[in-house]
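In what follows, chains are A, B, ... by sequence order, proteins preceding strands, each numbered from 1. Note that the structure is a prediction, hence the values are computed from the model and not measured.
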Amino acid sequence: MNNRYDPASIEPDLQQRWEENRAFQATEDPAREKFYCLSMFPYPSGKLHMGHVRNYTIGDVISRYQRMQGKNVLQPMGWDAFGLPAENAAISNQVPPAKWTYDNIAYMKKQLKSLGFAIDWSRELATCDPEYYQWNQWFFLRMLEKGIAYKKTQVVNWDPVDQTVLANEQVINGRGWRTGAVVEKREIPGYYLGITQYNEELLADLDKLPGWPERVKTMQANWIGKSYGVRFAFRINGVARSALGSPPSPSGTNPPGADLVGRSSPEGGRTGKSVNKGNEGDKEDALLWVFTTRADTIMGVTYCAVAAEHPLAIYAASKNPELAAFVEECKRGSVIEADLATMEKKGLPTGIFVTHPLTEEKIEVWVANYVLMGYGEGAVMAVPAHDERDFHFARQYGLPIKTVIAPPPQPSPSRGEGVGGGDVAYTDHGVCVNSGKYDGMDYETAVNAIAVDLKTKRLGDKQVQWRLRDWGISRQRYWGCPIPIIHCDHCGDVPVPDDQLPVVLPEDCVPDGAGNPLNKRDDFINCLCPKCGKSARRETDTMDTFVDSSWYYARYCSKDNNNAMVDERVNYWMPVDQYIGGIEHAILHLLYSRFWWKVMRDIHVSMNVPYRDVPMPQAQDAQERPAGAGRAGAAGLGLVKYDEPFEKLLTQGMVLNEIFYRKPESGRIVYFNPADVEIQIDAKGQRTGAILKSDGKPVESGGIVTMSKSRNNGVDPQALIEKYGADTARFFMMFAAPPEQTLEWSDSGAEGAYRFLKRLWKFAHEHHLHISTGLKVSGKVNLNQAHPDIKNARRIIHSLLEQANRDISKFQFNTVASAGMKLLNTLEGISGAAKLDTPLGGTHETMAINVAYTEGFSILLRLLSPITPHICDYLWRELGYGDDILKAPWPEPDEQALQQDEIELVVQVNGKVRAHITVPAHAGRPEIEQIALADDNVKRFVTPENISKIVLVPGRLVNIVVS
RNA sequence: GCCGGGGUGGCGGAACUGGUAGACGCGCCAGACUCAAAAUCUGGUAUGGGUGACCAUGUGGGGGUUCGAUUCCCUUCCCCGGCACCA
């Protein structure tokens, strides 16, 4: 073998070998335990970044480890290929998004292959492929049939230049992130998915996910935002129900068509817990419904406030120009929640009064900008004494403040000043006062009593409120999955019939930046109405790309089946045993996926008849299918089993690097790539400054942050692979930090990883003969009777293995890598310690050394093989261990090797380490105490008289307590 | 404001269920090899004191429980992430 480690000469060969052997192609086998290891698929942005390398290395280490544990492992890969960057690239380069995307996929796939990931490429998919997105469309139509998908008109952010809806994240300081145009609020129609129909289950099932990080579950729970309270109504004096008309549905939490004023409970028919709708009939007073979590403060209501979009506000504005102007102003304001939080509280009285349902008092209704149309009822009861916002508003407009809650009887020592009226609202729970019959009740008692009273009057009841809104999936964008709807002047919105699917997106469009280019494609738009056959127009909106990523994990399981979305094989592989990806997807993608999966479980589709007559594609690899596979589920069953798609979740940390910059007197900050900066240090290695290599002048350090183009602190993985090879890149990524933590890039750290692999190679080269000799004579040697130095080295090796096995099962790969390094250090130490002379000496001692090398290095190679597969695979074969390390079993420690005759104990005096003693492994307490007390240094602190106690921790330490 | 996660050498990070704090690596210092440099190898490297064996201090600060605390409890400061006029 070559005496020099040259990754460039071995890695491509091994990758080719794995590919030729189809080493990582997964086949369903009910007899074997499966392990589905999934990393979040990348957006094909151009080239891999360090975050990808980290993500996929973590996944690959887990996959390869599980494989060596004997599991049937599936690790697929695909492309989240629809999305805005392709359109933006198309606009600046005048290339069709499809070409840009497919070129990027080709390049990135090459990069992934060069990293040696154990991926089953036969299952590769791209979401922009009609073979994939046809099922988005098909399933969307099923959702439409079941009422889970629906159309409604809602206020959204509208970019007037790009002529598209913007997500809230895409609006920066009230302007479009790309165009800089002032964003407008617009009411436009779109399709929505009823994720709120699943809010209860999405929340409750978080408890079924012990393998998910706590913080992700917390973030999802917060996002779903369940709160318990009371929903009740004020009678609106002198305003008839009919006067308020039929407003647009304000909130995603409500099913389409719900009536705002006196509408049904947001939980609607699902729970059957319908609240009294109040008095029916046009002549009756209309009702103003509000929701509160603090029904115990209901006696302290001094006004009501409604959102500008609330029908009552609109009604009042129609009679009052000043109010109308204010309502308009509010509507123009930002819809970003964070902005609202800091906005000044403004409001105007409507002149309309309502009747308090319990006190019959007259209460004035205000329009206030702090009330959100999208949450609850778009209207609140205001209790200034016990709510911060109401308090500020009341102060500003001189509205009355009525205290109805007093601090609880038990003195709470930490209460601040101003309790019970004064400069702040008292918002804690307490006891009702000034509340008539409710006086003296605590929070819970009061809420219950008030809810009962409201219910008796048929004006309210307890109610659960959710923060989660339905998921709007319409995008006025070209590069996405077309929504399969046809607009007909006679028949309305008509779903595209199954046998006309897929609605294929024209791939040759070059967007010009103004609106959706599909609107200019008559060949796409013009079609015939499936119902009446007259000419009609195709919907040009496309689906949110989060739709694509909501079920790709299921498609991998039956990727070659063009007749069904999923087939029986999905129930073999799913759920995903381990999902790995960035924390940035903690809410959206993971919540949407959980929702989509549950809908797949619940939608009962008869698949006895294929939806269209398409021949099954020839399976490229003639994969065997389990019996019964081929059609999704049996009639009357959901498409999939199981409640949750992802059993365990690992959220990897970001990859960071330092930023360097200069800020000229005038002008913009200039960032310099760390590769072009030289760090200056003093004699102790401490940092004194940094200079730019090119001009030798100082630059400022801006701290260590996520790698990004804008701050020019990225490191290209390609350069790393080319310089050191894939194994070094992988080793460094695993060694530098635990997977969930942030990882700071370090050039010298990568260099150190390379150095270690060179040493590993060198060791194999130097001890080639010893190892092959050891393999031949291993049966003839009992290592438990070898030289003490060898036994000692073996004990260290096996205890390192023990620790590494514990760590790898916890995904603590940094200490696994570290154990590998220690293992090599130990092996390198054997030769000196045992005075190795000739490798073929033939004495028992020499044979023992050879066998110890053979055993130790075999452990080392297998332990490291998930992290650095190339070098380990190569050396395994080269040294004669076997044909294929991929088929080798995972190493387990030898209990006998862990035994020792003598052990070292720590001797403490009053908890401070004073000596180290060596005692026989099975020494009893008297013997240990005697040896400990005989130690010279111990004697300096201990006299026989002052000993008050001796604590003995077996195998660890002796603590002598002296007075 | 609420909810999570963290504060350990010059740096990244170790420390199994309360039991030797700083493993492993980076950096730095010294030495070997070399005409020299790179590469490689050997030794050292928490801080302060001592020639040294050792001693004192030390895991953000303060307090507690314990024979013994990075680990458990209370309190406080700081950093990161998420949510936020949510009624």
Atom pair distance, as rounded to whole Å: CZ in A:Phe731 and C1' in B:rG13: 13 Å
- request: Classify the side chain of A:Asn222 and the base of B:rC83 as holding, or not holding, a donor-acceptor pair under 3.5 Å.
  value: no
task: Would you classify A:Ser948 as touching base, sugar-phosphate or nothing, given that sugar-phosphate means primed atoms plus P, OP1 and OP2, and contacts are heavy atoms under 4.0 Å?
output: nothing
message: Could you identify the nucleotide paired to B:rU45, looking across every strand shown and requiring Watson-Crick or G-U wobble geometry with both distances under 3.5 Å?
response: B:rG27
task: May I ask you to say what A:Glu744 touches in the nucleic acid, namely base, sugar-phosphate or nothing, with a heavy-atom cut-off under 4.0 Å?
output: sugar-phosphate
field: Shortest side-chain distance from A:Val961, nucleotide among B:rG25, B:rG82, B:rC67
entry: B:rC67
statement: Between A:Ser227 and A:Thr815, whichever has its closest RNA chain B nucleotide further toward 5' is A:Thr815
- request: Write down the partner of B:rA87 under the Watson-Crick or G-U wobble criteria, each distance required to be under 3.5 Å.
  value: none
- prompt: If pairing requires Watson-Crick or G-U wobble contacts with both distances under 3.5 Å, which nucleotide is the partner of B:rG4?
  reply: B:rC80
query: Near RNA chain B, which residues from residues 798-811 of chain A have a heavy atom under 4.0 Å away?
result: none
query: Side chain of A:Ser748: nearest nucleotide among B:rC26, B:rA39, B:rG25?
result: B:rC26
statement: Residue pair A:Asn910/A:His916 against RNA chain B: nearer the 5' end by closest nucleotide is A:His916
- prompt: In whole angstrom, what separates A:Gln908's CD from B:rC67's P?
  reply: 13 Å
query: Going by heavy atoms in the side chains, are A:Leu860 and A:Leu760 under 4.5 Å from each other?
result: yes
- prompt: Can a donor-acceptor pair be found between the side chains of A:Gln900 and A:Arg795 at a distance below 3.5 Å?
  reply: yes
message: Could you check whether A:Tyr303 and A:Tyr397 have their ring centres less than 6.0 Å apart?
response: no
Proximal nucleotide (of B:rG13, B:rC24, B:rG19) relative to the A:Leu957 side chain: B:rG19
- line: Quick note, A:Ser818 side chain, CB onward, closest among B:rG12, B:rC83, B:rA23 is B:rA23
message: Under 4.0 Å, counting only non-hydrogen atoms across every strand here, what does A:Asn814 touch: a base, just sugar-phosphate, or nothing?
response: sugar-phosphate
query: Within the structure shown, what part of the strands sits under 4.0 Å from A:Val380 by heavy-atom distance: base, sugar-phosphate, or nothing?
result: base
query: Syn or anti for B:rG25, with syn set at within 90° of 0?
result: anti
message: Can you identify which nucleotide, out of B:rG82, B:rA14, B:rC85, has its nearest atom closest to the A:Leu372 side chain?
response: B:rC85
query: Around atom NZ of A:Lys723, are there more than 12 heavy atoms of other residues, nucleotides or ligands at under 6.0 Å?
result: no
- prompt: What nucleotide, of B:rA87, B:rC83, B:rG25, holds the atom closest to the side chain of A:Ile587?
  reply: B:rC83
query: Heavy atoms under 4.0 Å, any strand shown: does A:Asp390 hit a base, just sugar-phosphate, or nothing?
result: nothing
message: Just checking A:Lys217: does its NZ atom have more than 12 heavy atoms from other residues, nucleotides or ligands closer to it than 6.0 angstrom?
response: yes
statement: Closest of B:rA14, B:rU40, B:rG25 to the A:Pro738 side chain is B:rA14
field: Closest to the A:Tyr370 side chain, choosing from B:rU20, B:rG19, B:rC85
entry: B:rC85
- prompt: Contact class for A:Pro213 vs. all strands (heavy atom < 4.0 Å): base, sugar-phosphate, or nothing?
  reply: nothing
- prompt: With a 4.5 Å heavy-atom cut-off, do A:Phe232 and A:Gln463 have their side chains touching?
  reply: no
message: Categorize A:Gln220 for me: base, sugar-phosphate, or nothing, with a 4.0 angstrom heavy-atom threshold over every strand shown.
response: nothing
message: Any base atoms under 4.0 Å from A:Val371, or only sugar-phosphate, or nothing? Heavy atoms, all strands.
response: base
task: Please state whether the phosphate of B:rA23, meaning OP1 or OP2, lies under 4.0 angstrom from any side-chain nitrogen or oxygen of A:Lys822.
output: no
message: Could you check whether A:Tyr5 and A:Thr728, counting side-chain N and O atoms only, form a donor-acceptor pair closer than 3.5 Å?
response: no
Pairs: protein N or O with nucleotides 53-57 of chain B N or O, under 3.5 Å:
{"residue": "B:rC54", "atom": "O2'", "partner": "A:Arg940", "partner atom": "NH1", "Å": "3.2"}
{"residue": "B:rC55", "atom": "OP1", "partner": "A:Arg914", "partner atom": "NH1", "Å": "2.9"}
{"residue": "B:rC55", "atom": "OP1", "partner": "A:Asn937", "partner atom": "ND2", "Å": "3.2"}
{"residue": "B:rA56", "atom": "OP1", "partner": "A:Arg914", "partner atom": "NH2", "Å": "3.2"}
{"residue": "B:rA56", "atom": "OP2", "partner": "A:Arg914", "partner atom": "NH1", "Å": "3.0"}
{"residue": "B:rU57", "atom": "OP2", "partner": "A:Lys912", "partner atom": "NZ", "Å": "3.0"}

- prompt: Does the A:Thr826 side chain pair with the main chain of A:Ala793, one donor and one acceptor, at a distance under 3.5 Å?
  reply: no
message: Taking any heavy-atom pair under 4.0 Å as a contact, classify A:Gln741: base, sugar-phosphate, or nothing.
response: sugar-phosphate
task: Would you tell me if any nitrogen or oxygen in the side chain of A:Arg755 comes within less than 4.0 Å of OP1 or OP2 on B:rC26?
output: yes
- request: Would you tell me if any nitrogen or oxygen in the side chain of A:Arg215 comes within less than 4.0 Å of OP1 or OP2 on B:rC83?
  value: no
field: Spacing of A:Phe393 atom CZ relative to B:rC85 atom C1', expressed in whole Å
entry: 12 Å
field: Nearest-Å distance for atom pair NZ/C1', residues A:Lys762 and B:rU40
entry: 6 Å
task: Compare side-chain N and O positions of A:Gln812 against OP1 and OP2 of B:rA15 and report whether any pair is under 4.0 Å apart.
output: yes
- prompt: If we ignore angles and hydrogens, is there a donor and acceptor under 3.5 Å between the side chains of A:Ser701 and A:Glu658?
  reply: yes
